[in-house]
Amino acid sequence: MNQSANVYPVKPEFAAKARITRERYEQDYAESVAQPEAFWGRVGHRLDWMRAPTQIKDVSYDLNHFRIHWYADGELNASVNCLDRHLANRGEKTALIFEPDSPDQPAQHITYRDLHARVCRLANALRGLGVVKGDRVTIYLPMIPEAVVAMLACARIGAIHSVVFGGFAANSIADRVADCGSKLIITADEGLRGGKKVPLKANVDAALKMPGTNSVETVLVVRHTGGAVDMQMPRDRWYDAVVDSQPAECVPERMNAEDPLFILYTSGSTGKPKGVLHTTGGYLVYASFTHEAVFDLQEDDVYWCTADVGWVTGHSYIVYGPLANGATSLVFEGVPNYPDYSRFWQVIDKHQVTIFYTAPTAIRALMREGEEPVQKTSRKSLRLLGSVGEPINPEAWRWYYDVVGEGRCPIVDTWWQTETGGILISPLAGAIDLKPGSATKPFFGVVPALVDASGQVLDGEAEGNLVLLDSWPGQMRTVYGDHQRFIDTYFRTYPGTYFTGDGCRRDADGYYWITGRVDDVINVSGHRIGTAEVESALVSHPKVAEAAVVGFPHDLKGQGIYAYVTLNAGEAASESLHKELIAHVRKEIGPIATPDHLQWAPGLPKTRSGKIMRRILRKIAENAPDQLGDTSTLADPSVVDSLVKERRVP
Ligand code: WTA
C-alpha cells in the first residue's frame, strides 16, 4: 500500500497560527524527556499557586521504592485556578454554554463571574452541611451546569468528588458510595436524554437502601425536570433551598499538590470497578496544558467536548482543562440523534463551535445516516476536530474529516485513559502529520514503549503491549483504599514500567496505532466494561450457575458484549428467561452493560484446572471457529463443538 496516500500533512495555514509548530514540538519533546524537572517546572507556572512548588518530580516505579509525587511542596486550589484567577480579565467571558436536551429549551450562557458565584454558594452550603477537607462527595447528575458547579465546589473546600455516570443503576451507585464512604450525594430529580426521563433521585433512594451506604448523611436534590420525587427528611434537601441563600464568596481551602482532587471509578480486568484517584497539582497542570496544546486553544475558541462528566473525558476536557485555561466550554445535555441526526451539527452552528471533540462510536452512528443530515448545516465555524475513547477506524476518520470538517479541519485522535488523567498520545495539529487511525506521537514528557509477552522492549517497527517508561504529572496516584491493587495492576506486569492494558503497533515512521485492550476489559461505545462485572451480575440471578463474558467486534459500538450462560440444573432455557437475564444486567449495572448476545452454554470451555478459556469463547463470538487454536488442553473439548453450533448469529 502506498503509505504517503494515507498521510495528511500539517496544513501550512493551520501551522501559521498554531501554538505548537513542528520545530517547537521536536525541541520541547526532546527536552521534556531529557530534563523532565526543568520542563515540568516551567509548565507548572501556568497555574496560580498559593505556594509555588520547588520540588517538581519525585517518581520511582521500582517496587522497592515506589512513589509518584509531582510538585510535592506546592499549594493551590483547583477551583481558584478554574475561576477566581479569570475574574480580573475574563469575568464577563462565557465559561459555560449550556445546551439542553431539547432544542426548544433556551440555551444558557454562564460567565466566569456567575460560575464563580454559583460554585461559592454551593461550597458554602456544603461546608454548612458539615463537609470538610478530605470528605468524599458523590455526584450523580445529568449534564447540566450544576454538575460542573458541584465538582468545583468540592474542589473549593477540599472535598474529594466521585462522579457517578447518570446511566449507572442503583447497584453501581451503591458500590461506589460504599467503597469511598461518601458523606453526601448531589443528584437531581430526574435527568433528560433524548426526550426520555432518567429517574436519578429514585435510583439514589434505591442505592441508599443497600448495605454499606449509611455513611451518607445528606442528599442534595437539584430541581431539574420538576418531576415528583420522594423526599426523605431530614436526609434529603432541595439544592435551591440550601444553596440560593448562601454568600457568593467562599474562602478556598489551601491544598497540597498531592492532596486528592477526585476519585473516578473505572472497570478493570478483575473484580469491582476501582477508584482511580487523582491529586490536585499534577492533574491540573496536565489537564490544562494538554487541553491548550492538543486543541491549539485560542482565546476566542468555543470548545465542545460531547463526553459526559461521568467519564474522565468530561472531568479533564469539559471541566478542569478548559476552565483552568479560561476557555468557553459547551455542556450538552442531549444525544446525537434527538430530535434528529443533525443535532450535533445544529448545536455547532447555533453556538459557533470552533473545536469539536467526540467519540468514534458517535461518528460511526452518524455516518450510517448518510451525509444529508450533515450537509443541511454550515459547520463553517469549526477549525479543529478531536476523537477519543477507542480506536477510530480509517473509514470513520475520513468521513469525519471530509464530510464533517469538509477537509478543512485537522483531526486529533487522542489516546489516553482514566488512569492517565490526560491525553498521552495525540497529534498536535500544527506539528504532526496525520494518518487516519493512528494517535500518532507521544505528548511532551510521555515515553511509550512496546513490550512482548515476556517484557522484552521491542524496537523500531513492532507490535506489542503498550507501556510507559516514565511518569507524567497527570498520572493517577493510587486506587482509593487499595494501594496494593494499584501497584499490582499497573506496575507488576512489566517491572519498571506502567502497563496500559492496551495493545499497540508502531510503524516505520514511529507512529503509534492503538489496537485495543489486551486484558479482560471490553470497550463498548468508548465505555469500559469489565467482563468480570457483567459475569457477576449474571450469576447474581438465582437461575444462573455460571457465566462467561467476552467482547466481539461491533460495527457501531466498536465492541459488543457477548455472554455465555450456564443455567442451574433443572432450569430450562427460554426466550423469556433470555430477556429476563438481559434486563437483570441492565438493572444490576446499568444500560451501558447490556449484553448484545446471550448464548446458553451447557458447559464452558475450561482447562483441567478449571480456568475458563476466554480465547476460545472470543473466537466463537467473533464467528471464527476455524481459529480456535489448540483445544486439546480442555477438560472437555466437546463443549466447544456444541457452543460453535449454538452460536447466536448477530
Ligand atoms: C481506549 C478514556 C484508541 C484504550 C479517555 C484505553 C483509545 C481506554 C483511544 C481508556 C484512542 C481511549 N485510540 N483507543 N484515541 N482513547 N482508548 O479509561 O483502550 O474510559 O485503554 O479513558 O480506551 O478508556 P477510559
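In listed order, ligands and their atoms are each counted from 1.
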Is the distance from the ring center of Tyr357 to that of Phe295 below 6.0 Å? yes
TODO: For residues His554 and His597, establish whether the separation of their ring centroids is below 6.0 Å.
DONE: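 No, they do not, as the ring centres are separated by 6.0 Å or more.
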Would you say Trp416 touches ligand 1, if touching means a heavy atom closer than 4.0 Å?
yes
If you measure from each heavy atom of Gly389 to ligand 1, is any distance below 4.0 Å?
yes
May I ask you to decide whether [X] forms a salt bridge with [Y], counting only side-chain N to carboxylate O separations under 4.0 Å?
| X | Y | result |
| --- | --- | --- |
| Arg615 | Glu622 | no |
| Arg614 | Asp520 | yes |
| Glu461 | Arg506 | no |

Distance under 4.0 Å to a non-hydrogen atom of [X]: what atoms of ligand 1 satisfy this?
| X | value |
| --- | --- |
| Thr418 | 18 (O), 20 (O), 22 (O), 25 (P) |
| Asn523 | 1 (C), 23 (O) |
| Thr414 | 9 (C), 11 (C), 15 (N), 16 (N) |

Test of understanding: given a 4.0 Å heavy-atom threshold, classify the contact between [X] and ligand 1 as side chain, backbone, both, or neither.
| X | result |
| --- | --- |
| Glu390 | backbone |
| Asp502 | side chain |
| Ile392 | neither |
| Thr313 | side chain |

Based purely on interatomic distance, does Thr266 place a nitrogen or oxygen under 3.5 Å from a nitrogen or oxygen of ligand 1?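 Among all N and O atoms of Thr266, none is under 3.5 Å from an N or O of ligand 1.
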Does Asp413 reach ligand 1 with a nitrogen or oxygen that is under 3.5 Å from one of the ligand's nitrogen or oxygen atoms? yes
Margin query: In terms of relative ring orientation, are Phe289 and Phe443 parallel, tilted or perpendicular, with 30° and 60° separating the classes?
Written below: perpendicular
message: Is the ring pair His483/Phe486 parallel, tilted or perpendicular, if the boundaries are 30 and 60 degrees?
response: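 The arrangement is tilted - the two ring planes meet at 30° to 60°.
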Exercise. Just one of Tyr320, Tyr71, Trp472 clears the ring pair (Phe, Tyr, Trp, His ring centres under 6.0 Å) bar with Tyr283, so which one?
Worked result: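 Output: one option passes, namely Tyr320.
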*Look at atom 3 (C) of ligand 1 and say which protein heavy atom is nearest, naming residue and atom and giving the distance to 0.1 Å.*
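Residue, atom and distance for the closest contact: Pro391 N, 3.1 Å.
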message = Please list the nearest protein heavy atom to atom 20 (O) of ligand 1 with its residue and the distance rounded to 0.1 Å.
response =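 Answer, as residue, atom name and distance: Arg528 CD, 3.6 Å.
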Here the gap from Leu385 atom CG to Asp413 atom CG, rounded to the nearest 0.5 Å, amounts to 12.0 Å
